[in-house]
Amino acid sequence: MLSEASLWTVICLGTPGYELGQNPEPAASAKVLQRQQELMELFVQRSSERPLSFVLRFELDAEMEGDRLAADRLVAEVVRLSNRWDFLSARCHANLMPMISRKADFHFEKSHVRQLHLDLTGPIRELLIDIRFVAAFKTLVSMDFQDVSQELTKLRVQGGLDLQVNNFWMPRLEVGPIATSLTCFIYQQPLKLDYSPMTFNDALTILARCQLLETFEYAATVDTPFKICIPETPYWDNKEHVLKLGLTRLSLSSTKNLEFGPLLSILDAPKLEVLCLKGPLYAEWMAVELDLDLDLFQDWDHVNRFLERSPKPQLAKLHLEGLPLSAESAAGVLDISPHVNDLKLDGRVFDSRLVSRLTWAPGAEKDINLLPNLRSLAVVGCSTTHIRVAELVDMVRSRVKCAHPIPFGDKDNLAAHEQSKQQDQESVLAGIVKIYLADTKDPLDVECCVEARHFFFTDPIMMWFVSKGYIDIKIGDA
């Protein structure tokens with residue numbers, strides 16, 4: 001069995017035993033890394049030239065010079081085998097990450113790598129101009145995609161990329177022929193790391209270049225204003241002034257501003273199935289903390305404009321958090337997104353009027369009842385400032401009761417018969433199966449969560465639904 005070459009193609013190095021979300025393990029010693037290198041050579045030998053998958057975990061830089069040199073040698077050996085990469089996940093500090101490209105005498109166009117996950121986890125030991133995280137990717141994430149592996153389909157980056165390194169940033173985006181097979185791009189800039197953070201201008205560049213993209217997730221931390229630069233690509237519609245995309249999943253997030261709004265307003269993605277937008281405005285006190293004037297965002301209608309631009313019959317997941325939306329505009333968004341089954345909103349817009357629109361009214365006109373397919377609802381920062389918890393309980397109960405009629409005893413019971421008849425006659429409703437009230441640590445949210453627990457968990461009908469497994473209720477931290 002061990003002679004099968006395919007069993008020797010996955011190699012984990014560093015400290016790969018920890019679970020994501022937990023504190024990383026200390027850096028491995030030189031003795032451990034030397035043993036890992038010997039095992040890697042054995043795996044490489046027995047894999048018989050098959051494509052290799054590497055998982056590198058060097059979260060923390062070692063304190064001892066000998067340990068650091070051993071880590072350098074091990075990563076350099078991995079880089080030497082780049083022509084056999086099929087999958088690479090590197091979660092490394094900034095002293096090792098640049099070696100992935102800087103110490104290798106190869107070009108990525110000769111590589112057959114299909115997926116790259118590159119996560120920068122910490123600062124460098126000393127400030128050196130020529131050791132910047134961006135240098136690690138000036139060959140890999142080149143906007144001249146002729147130089148990138150034609151088999152690369154998924155790229156995930158946590159850290160920073162500077163498109164100016166290769167003179168990619170120009171007043172006007174000169175986008176040449178699309179030559180990449182990239183279908184998934186995920187970028188996240190951690191707050192604690194400020195290595196050349198990308199902007200939403202860069203996001204437009206990537207979207208214009210990678211027309212095969214199906215998944216685009218982009219989380220920025222900078223407050224650089226977005227400037228609309230018309231990309232020269234056949235997918236730009238001059239008449240509608242939008243970039244046509246084939247995306248099925250789009251996620252845009254910012255912790256300091258709402259500059260993804262103008263970007264969203266020039267995109268069109270009729271095949272979209274998932275839309276997640278996350279801004280910093282969960283509550284008024286957050287706007288004060290970020291020195292943002294909420295009055296400037298009264299006409300912030302980018303979400304509505306994006307969804308109204310073309311029908312999106314496949315849109316099933318809609319998460320809108322921390323955005324300057326009103327209850328009226330949120331209801332308008334839901335009106336034009338009738339197939340959504342997974343909804344997430346922040347409590348600032350989840351007021352009594354919106355709850356009443358979501359409360360299921362049997363026999364009502366289709367335009368009255370919102371989201372008949374709703375299965376999961378999350379409210380972030382559900383506050384008594386905007387809604388009474390009793391109204392929320394009534395809304396949830398109305399939807400679950402229509403999907404799962406409560407038995408009244410005997411099958412011949414007239415009330416049960418009438419309820420069953422009414423259920424058959426009204427439009428099909430997918431009963432809500434999960435509700436999550438998240439807490440943003442605001443004092444009012446805390447009070448609301450306490451009150452919510454009382455209302456939900458002392459309601460006998462709701463508890464009957466829970467006991468039958470029809471609905472899962474979670475109330476607590478975000």
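Values reported hereafter were calculated over all heavy atoms of this structure, with side chains retained and with hydrogens, waters and symmetry mates removed.
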| Of the non-hydrogen atoms in Leu207 and Leu247, which two are nearest, and what is the gap between them? | CD2-CD1, 4.1 Å
| At their closest point, which heavy atom of Leu7 faces which heavy atom of Phe43, and how far apart are they? | O-CE2, 4.5 Å
| said: Check whether Trp85 reaches the backbone of Val78 with its side chain - one donor and one acceptor, N or O, closer than 3.5 Å. | reply: yes
| task | Check for a donor-acceptor pair, side chain of Asp67 on one end and backbone N or O of Ala30 on the other, with a separation under 3.5 Å. | result | yes
| request: With rounding to the nearest 0.5 Å, note down the distance linking OG in Ser265 to CG in Asn304. | output: 12.0 Å
| query | Judged by atom type as modelled, is there a donor-acceptor pair below 3.5 Å linking the side chain of Thr9 to the main-chain atoms of Ser47? | reply | no
| message | Test of understanding: with side chain to side chain contact (heavy atoms under 4.5 Å, CB included), list the residues that count as partners of Gln37, not counting sequence neighbours. | response | Met40, Glu41, Arg73, Leu74, Glu77
| task | With the side chain counted from C-beta on, respond yes when Phe226 and Asn201 share a heavy-atom pair under 4.5 Å apart, and no when they do not. | result | yes
| query | Considering only heavy atoms from C-beta outward, does the side chain of Leu371 approach that of Leu358 to under 4.5 Å? | reply | yes
| task | Identify, with sequence neighbours excluded, every residue that meets salt bridge (Lys or Arg N to Asp or Glu O under 4.0 Å) alongside Lys434. | result | none
| Cys184 SG to Gln115 CD distance, which is reported to the nearest 0.5 Å | 8.0 Å
| Of Glu217, Glu214, Glu273, the residue whose pairing with Arg249 passes side chain to side chain donor-acceptor pair (under 3.5 Å) | Glu217
| message | Given Val333, which partner from the list Leu318, Leu323, Asp301 fulfils the side chain to side chain contact (heavy atoms under 4.5 Å, CB included) test? | response | Leu318
| query | Side chain of Gln34, backbone of Ala70: donor and acceptor closer than 3.5 Å? | reply | no
| request: Could you go through the side-chain contact (heavy atoms from CB on, under 4.5 Å) check for Tyr187 and Asp202 one step at a time? | output: CA-CA 11 Å; Tyr187 170 77; Asp202 300 326; over 6 Å; no
| message | Quick check for you: to the nearest 0.5 Å, what is the distance between Glu328 atom CD and Ser326 atom OG? | response | 4.5 Å
| note | Correct closest heavy-atom pair for Gln211 and Ala208 would be NE2-O, 3.7 Å
| query | With a 4.5 Å heavy-atom cut-off, do Asp268 and Lys312 have their side chains touching? | reply | yes
| Check: Leu354 main-chain N/O paired with Asp351 side-chain donor or acceptor under 3.5 Å | yes
| field | Backbone N/O of Leu267 and side chain of Arg309: donor-acceptor pair under 3.5 Å | value | yes
| query | Quick one: does Val340's side chain get under 4.5 Å of Leu334's, heavy atoms only? | reply | no
| Non-neighbouring partners of His117 that pass ring pair (Phe, Tyr, Trp, His ring centres under 6.0 Å), sequence neighbours left out | Phe87
| Can you tell if the side chain of Ser254 reaches within under 4.5 Å of the side chain of Glu259, non-hydrogen atoms only? | no
| request: Would you indicate whether the side-chain heavy atoms of Phe306 and Leu250 approach each other to under 4.5 Å? | output: yes
| query | So do His319 and Val274 actually touch side chain to side chain, heavy atoms under 4.5 Å? | reply | no
| field | Audit row: Leu377, Leu345, side-chain contact (heavy atoms from CB on, under 4.5 Å) steps and yes/no | value | CA-CA 8 Å; Leu377 172 65; Leu345 293 172; 5.7 Å; no
| Given side chains that start at C-beta, do those of Ile473 and Ile435 come closer than 4.5 Å, heavy atoms only? | yes
| Side chain of Gln36, backbone of Leu13: donor and acceptor closer than 3.5 Å? | no
| Does the pair Arg68 and Glu65 meet the rule for a salt bridge (Lys or Arg N to Asp or Glu O under 4.0 Å), with working shown? | CA-CA 5 Å; Arg68 294 197 297 266; Glu65 183 177 1; 5.1 Å; no
| field | Closest approach of Ala27 to Leu60 (non-hydrogen atoms, all atoms of both residues) | value | CB-O, 3.5 Å
| remark: Between Pro280 and Thr255 the two heavy atoms that sit nearest each other are CB-O, 3.6 Å
| task | Measure the CG-CD1 distance between Leu437 and Ile475 for me, rounded to the nearest 0.5 Å. | result | 5.0 Å
| request: List the steps and the verdict of side-chain contact (heavy atoms from CB on, under 4.5 Å) for Asp119 and Arg156. | output: CA-CA 8 Å; Asp119 295 348; Arg156 189 188 73 193; 3.0 Å; yes
| task | May I have all residue pairs that pass side-chain hydrogen bond (donor to acceptor under 3.5 Å, both in side chains) and include part of residues 330-341, sequence neighbours excluded? | result | Asp335-Arg357
| Which pairs count as ring-ring contact (aromatic ring centres under 6.0 Å, His included) when at least one residue sits in residues 240-261, sequence neighbours excluded? | Phe200-Phe260, Trp236-His241
| With sequence neighbours excluded, residues passing salt bridge (Lys or Arg N to Asp or Glu O under 4.0 Å) with Glu240 | Lys244
| task | Rounded to the nearest 0.5 Å, what's the gap from OG1 on Thr248 to NZ on Lys271? Could you check? | result | 9.5 Å
| message | Before you tell me yes or no, could you show the steps for Leu320 and Val349 under side-chain contact (heavy atoms from CB on, under 4.5 Å), namely the whole-Å CA-CA distance, both residues' side-chain angles and the distance that decides it to 0.1 Å? | response | CA-CA 10 Å; Leu320 305 176; Val349 301; over 6 Å; no
| field | Approximate separation, where rounding is to 0.5 Å, of Thr215 OG1 and Leu182 CG | value | 10.0 Å
| Option among Leu243, Val242, Ile266 that satisfies the side chain to side chain contact (heavy atoms under 4.5 Å, CB included) test with Asp237 | Val242
| task | May I ask you to establish whether Lys344 and Tyr436 are in a cation-pi arrangement, using a distance under 6.0 Å from NZ or CZ to the six-membered ring centre and at most 45° from the ring axis? | result | no
| task | Might you point out which heavy atoms bring Ile336 and Pro338 nearest each other, and give the distance in Å? | result | C-CD, 3.4 Å
| Is the backbone of Thr199 close enough, under 3.5 Å, to the side chain of Tyr218 for a donor and an acceptor to pair up by distance? | yes
